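Because the structure is predicted, anything quoted here is derived from the model rather than measured.
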Amino acid sequence: MSERTLAIIKPDAVKKHAIGDIIARYEKTGLKPVALRMMQFSKSTAEGFYAVHKARPFFDSLCTFMVSGPVVVLVLQGDNAIKKNRELMGATDPAKAEAGTIRKAHGTNIEFNAVHGSDSPETAKFEIGYFFPEMDLVK
Ligand code: IDP
Ligand code: MG
């Protein structure tokens, strides 16, 4: 079933000049970009996006990281896009990520881990709407 997921190329990966490599991996995996935006998060943008993690000990540090430089936000579409992207990303901790995954290639540690990907249809809907109005998605 074709579905959409939200991906973010995080500040660490943008600083490493990995935007092109990461987008190439999406395309090769059948995850087609249907919206794309480069931006710099404000503190409130980061806090609102990660509100689900508000009670976690790493919340403040995570938000500080996410505002530390520009990011690329994309909507990816394809069969089983949510699960496919999570597999392509690899484990949250790059040290535990499988060979061939984005986090294995570009992540530094459990916080600076190169990419975000929605983890369920509900979060994908919220996260896509957080950055893109429906009319900005390519049909
Ligand atoms: P995910 O990105 O693999 O879905 P989540 O548990 O949703 O992982 O965490 C969101 C983000 O918070 C991670 O991608 C990572 O940047 C950061 N993070 C997660 N766990 C930790 C931690 O234990 N210490 C520091 N940062 C963390
Ligand atoms: Mg998550």
Side-chain angles (χ1 to χ4, degrees):
M1 184 196 58
S2 182
E3 64 183 7
R4 292 168 176 166
T5 188
L6 187 94
I8 303 176
I9 304 175
K10 294 183 180 185
D12 57 332
V14 173
K15 283 195 186 96
K16 286 183 188 173
H17 309 137
I19 296 172
D21 178 67
I22 292 171
I23 293 178
R25 288 170 189 254
Y26 294 146
E27 292 186 317
K28 280 181 199 138
T29 309
L31 296 165
K32 182 183 162 195
V34 293
L36 189 155
R37 175 178 176 192
M38 188 161 195
M39 61 185 291
Q40 176 128 19
F41 284 7
S42 66
K43 201 74 195 281
S44 67
T45 299
E47 287 171 355
F49 181 74
Y50 280 120
V52 54
H53 292 311
K54 206 166 172 43
R56 307 286 280 278
F58 57 81
F59 179 74
D60 284 341
S61 174
L62 172 61
C63 292
T64 300
F65 163 49
M66 291 302 290
V67 307
S68 69
V71 299
V72 177
V73 188
L74 308 91
V75 179
L76 303 172
Q77 185 167 317
D79 287 341
N80 295 311
I82 296 169
K83 184 161 176 274
K84 222 181 236 178
N85 186 40
R86 294 293 307 194
E87 286 171 2
L88 178 65
M89 290 162 63
T92 306
D93 181 353
K96 295 180 182 150
E98 282 183 45
T101 62
I102 294 172
R103 283 169 164 169
K104 185 71 174 183
H106 297 296
T108 302
N109 58 44
I110 195 165
E111 180 167 62
F112 302 155
N113 59 5
V115 281
H116 168 85
S118 308
D119 65 5
S120 72
E122 294 70 35
T123 56
K125 193 170 184 346
F126 165 75
E127 292 176 357
I128 291 168
Y130 194 78
F131 293 107
F132 299 100
E134 182 66 30
M135 65 175 285
D136 281 4
L137 306 186
V138 174
K139 293 293 169 290

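The 12-atom threshold is exceeded at NZ of Lys43, counting heavy atoms of other residues, nucleotides or ligands nearer than 6.0 Å.
Across all non-hydrogen atoms, the minimal contact from Gly48 to Phe126 is O-CZ, 3.9 Å.
The OG1 atom of Thr5 sits 8.0 Å away from atom CG of Leu31, with the distance rounded to the nearest 0.5 Å. Remark: Met89 CE to Ile22 CD1 distance equals 10.0 Å, nearest 0.5 Å. How far CG of Asn85 is from NE2 of His116: 8.5 Å, rounded to the nearest 0.5 Å.
Legend: residues meeting side chain to side chain contact (heavy atoms under 4.5 Å, CB included) with Phe59, ordered by chain and number and at least two apart, are Glu47, Tyr50, His53, Lys54, Cys63. Qualifying side chain to side chain contact (heavy atoms under 4.5 Å, CB included) partners for Thr123, counting only residues two or more places apart in sequence or in other chains: Ser118, Asp119, Ser120, Glu127. Glu111 pairs by the side-chain hydrogen bond (donor to acceptor under 3.5 Å, both in side chains) definition with Ser61, not counting sequence neighbours. In terms of the side-chain hydrogen bond (donor to acceptor under 3.5 Å, both in side chains) criterion, residue partners of Ser44 (sequence neighbours excluded) are, by chain and number, Ser42. Taking Pro133 as the reference, Met135, Asp136 meet the side chain to side chain contact (heavy atoms under 4.5 Å, CB included) condition, with sequence neighbours excluded. Applying the side chain to side chain contact (heavy atoms under 4.5 Å, CB included) test to Glu87 and every residue at least two apart in sequence or in another chain returns Lys83. In this structure Asn113 satisfies the side-chain hydrogen bond (donor to acceptor under 3.5 Å, both in side chains) test together with Lys10, sequence neighbours excluded.
By the 4.5 Å heavy-atom criterion applied to side chains, Thr45 and Gln40 are not counted as neighbours. The shortest distance between side-chain heavy atoms of Phe49 and Leu6 falls below 4.5 Å.
For Lys32 (side chain) and Gly30 (main-chain N/O), no donor-acceptor pair under 3.5 Å exists by modelled atom type.
Think of Val52 as one node in a network of Ile, Leu, Val, Met, Phe, Trp and Tyr side chains linked at under 4.5 Å; it has no links at all.
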Inset, instruction - Check the pair Arg56 / Leu62 against side-chain contact (heavy atoms from CB on, under 4.5 Å), numbers first and verdict last. - result: CA-CA 10 Å; Arg56 307 286 280 278; Leu62 172 61; over 6 Å; no
Inset, instruction - List the steps and the verdict of side-chain contact (heavy atoms from CB on, under 4.5 Å) for Leu88 and Val115. - result: CA-CA 10 Å; Leu88 178 65; Val115 281; over 6 Å; no
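Residue Ile110 is not grouped with residue Ile9 when hydrophobic side chains (ILVMFWY) are merged at heavy-atom distances under 4.5 angstrom, including chains of intermediate members. Ile128 is connected to Ile8 through a chain of hydrophobic side-chain contacts under 4.5 Å among Ile, Leu, Val, Met, Phe, Trp and Tyr, so both are in one cluster. Linking Ile, Leu, Val, Met, Phe, Trp and Tyr whenever their side-chain heavy atoms come within less than 4.5 Å leaves Phe132 and Leu36 in two separate clusters.
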Hey, can you pull the donor-acceptor pairs under 3.5 Å for the side chains in residues 64-78, sequence neighbours left out?
| from | atom 1 | to | atom 2 | distance (Å) |
| --- | --- | --- | --- | --- |
| Thr64 | OG1 | Asp60 | O | 2.9 |
| Ser68 | OG | Phe65 | O | 2.6 |
| Gln77 | OE1 | Arg4 | NE | 3.1 |

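Counting only residues at least two apart or in different chains, side chain to side chain donor-acceptor pair (under 3.5 Å) contacts with residues 95-110 comprise Lys16-Thr108, Asp21-His106. A ring-ring contact (aromatic ring centres under 6.0 Å, His included) check over residues 22-48, counting only residues at least two apart or in different chains, returns the pairs Phe41-Phe131. The salt bridge (charged side-chain N to carboxylate O under 4.0 Å, His left out) analysis of residues 66-82, with sequence neighbours excluded, yields no pairs.
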